[in-house]
Amino acid sequence: METNKKTMLSGIQPSGDLHLGNYLGAIKNWGGRSEDYDCFYFMADLHAITVRQNPADLRRRTLTQLATYIACGLDPEKNTLFIQSHVRQHAELGWVLNCYTMFGELSRMTQFKDKSKKNADNINGGLFTYPSLMAADILLYQPDFVPVGADQKQHVELCRNIVQRFNGVYGDVFKMPEFYSTKEGARVMCLTEPANKMSKSAPEGCVFLLEKPEDIARKFKRAVTDSDTEHCVRYAPEEKPGVSNLMNIYAAVTGKTMDEIEREFDGQGYGAFKPAVGEAVIELLRPIREETERILADKAYLESVYKNGAERASYVAEKTLRKVYKKVGFIPR
Ligand code: TRP
C-alpha cells in the first residue's frame, strides 16, 4: 500500500470488551477514512499486559476486537488491521525510544499516575515506559495523524517530543505526527455516573458492543437522570449531565439534532425517553453483534486477515526500524 495518501494510525488495548464509547467516539468514524488515508489499526496487546491479564481472556478479546473492527465496517482490504505483538518491530523500536525518553517526562504522565493508583501492587516498568512503546507504535508507520481520545493527547505530545529529540540528533528520521482530536465522535459518559467517561471499570454504566439486548435495555432504564424538578428532556450538559449524555447517545445513533429530540419527547418525561434510547442502541448494535459472531466463527478468515495485516504492517515498520538502527550506530546483520 504505497500511495501518496496521508497516513493515519490508531490502536485500542484488548484489555476490556469494546463498548459504546469506543464505537461512537472512535471506531464508527474509522471505516470511512480509507478513501482519503492509508489507515493502520491494531490491537495493542503489548500494551495490555502492563496490567495483569488472564491469558485466555486476552486471546479471546484480541480476536473479538479484530472481528468487531471488521463488523463495524473496517474493510481489511482497504485498511491494515493487525495485532501489535505480531509485528516485532514495535518492541524493538520501543526499546530504542526508551533510551530517548526522559524519566521526568514519563513521571508526569497522568495515565501512569492513575494506573499506579489503581494497580498499587503491580507498578511495573512496562506501565511506566508505556508511552515510549506507544511512540514506537506511531513512528514506525510515519503517520500524519493519530486519532485518539483526549485522554491520550499527553502521550501523543510526548511522542512529538521524542521526534524532536531524535531528529535533533540524527536528522530527519521521523515524520512529526499530529494529534487528531476525534471530536466528530460523540463523547459518551457513564450511564450511572455521568461525570465520568463510559468505561468498562463501571460495568453497570457501560454498554458493551456485544451485550444482550435485554441487558442493554436494563442499563438504559436504570440510567441516572438528573434530580431537577422540571423532569423534561432538555439539552443542558452542565445542569443536566445525565439526560444530556442520553441525548448525545440518541443523537449519535439516530442522527437527530438536540432540537428534534427535545420536540420528540416534549411533555413525556424521562420514563418514555430512557427506553427509547435503549431501543435505538439495541437496533444499532444488533447487526454489529451478529456480524462479529459470524466472523468469529470463521477462524480461517480471521487468521488470514491478521496474517495479511501483520505482513503489510511489518513491511512498513521494518523500513523505519532499519533506518533507526543505522542512525544510532548498530551494525547491520
Ligand atoms: N494508549 C492507547 C489507549 O490506551 C492505545 C494505544 C497504544 C495507541 N498505542 C497506540 C493509540 C498508538 C494510538 C496510537 O487508548
Side-chain angles (χ1 to χ4, degrees), residues 6-19 21-27 29-30 33 37-51 53 58 61-62 65-66 68-69 74 79-95 97-98 101 106 109-116 118-119 126-163 174-182 185 187-188 197-201 206 309 313 316-317 320:
K6 295 205 179 220
T7 300
M8 277 211 185
L9 164 133
S10 196
I12 297 183
Q13 297 185 57
S15 52
D17 296 327
L18 292 172
H19 56 72
N22 299 127
Y23 179 72
L24 293 178
I27 304 168
N29 306 307
W30 290 358
R33 290 197 189 125
Y37 296 94
D38 274 341
C39 295
F40 294 83
Y41 298 111
F42 64 99
M43 330 301 132
D45 56 350
L46 297 176
H47 279 97
I49 63 163
T50 55
V51 171
Q53 302 291 332
L58 183 59
R61 287 205 196 99
T62 304
Q65 191 173 315
L66 175 61
T68 309
Y69 279 5
L74 281 182
N79 298 273
T80 302
L81 308 180
F82 67 97
I83 297 171
Q84 187 186 23
S85 62
H86 286 178
V87 183
R88 291 179 337 269
Q89 290 85 350
H90 287 247
E92 293 184 43
L93 183 63
W95 170 255
L97 296 185
N98 252 328
T101 311
L106 293 170
M109 295 293 116
T110 54
Q111 185 174 300
F112 172 68
K113 293 184 210 166
D114 289 350
K115 287 198 177 176
S116 303
K118 283 190 202 138
N119 303 282
L127 194 64
F128 188 63
T129 59
Y130 178 114
S132 319
L133 178 61
M134 179 161 160
D137 299 338
I138 297 171
L139 298 177
L140 281 171
Y141 303 93
Q142 309 275 16
D144 298 273
F145 301 107
V146 185
V148 281
D151 62 319
Q152 295 298 314
K153 185 169 185 191
Q154 203 184 22
H155 291 159
V156 177
E157 292 295 329
L158 178 51
C159 174
R160 290 168 56 86
N161 291 343
I162 296 171
V163 169
F174 296 124
K175 182 185 273 181
M176 184 64 86
E178 303 284 337
F179 167 75
Y180 181 96
S181 159
T182 44
R187 185 151 192 259
V188 180
K197 228 172 87 158
M198 182 175 277
S199 152
K200 60 178 190 283
S201 55
C206 180
V316 179
T320 308

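Computed from a predicted model, the values in this text were never measured in an experiment. Numbering of ligands and ligand atoms starts at 1, following listing order.
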S.K.: Looking at K175 and D144, does any basic side-chain N land under 4.0 Å from a carboxylate oxygen?
M.R.: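 Yes, K175 and D144 are salt-bridged.
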
S.K.: For the rings on F42 and H90, is their centre-to-centre separation under 6.0 Å?
M.R.: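 Yes, the ring centres sit under 6.0 Å apart.
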
S.K.: So, Y37 versus Y141, ring centres under 6.0 angstrom or not?
M.R.: no

S.K.: Go through the steps for F112 and F128 under the test ring-ring contact (aromatic ring centres under 6.0 Å, His included), then give the verdict.
M.R.: CA-CA 6 Å; F112 172 68; F128 188 63; 4.9 Å; yes

S.K.: When rounded to the nearest 0.5 angstrom, what is the spacing between CG in L58 and CD1 in I49?
M.R.: 8.0 Å

S.K.: So that I can tick it off, tell me whether D38 and K6 are bridged by a salt bridge, with the cut-off set at under 4.0 angstrom between side-chain N and carboxylate O.
M.R.: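 The answer is no: the pair does not qualify as a salt bridge.
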
S.K.: In a simple table, one pair per line, please give the protein and ligand 1 atom names for every N or O pair closer than 3.5 Å, along with the distance.
M.R.:
residue, atom, partner, partner atom, Å
ligand 1, 1 (N), Y130, OH, 2.7
ligand 1, 1 (N), Q152, OE1, 2.9
ligand 1, 4 (O), Q13, NE2, 3.1
ligand 1, 4 (O), Y130, OH, 3.0
ligand 1, 4 (O), Q152, NE2, 3.4
ligand 1, 9 (N), D137, OD2, 2.6

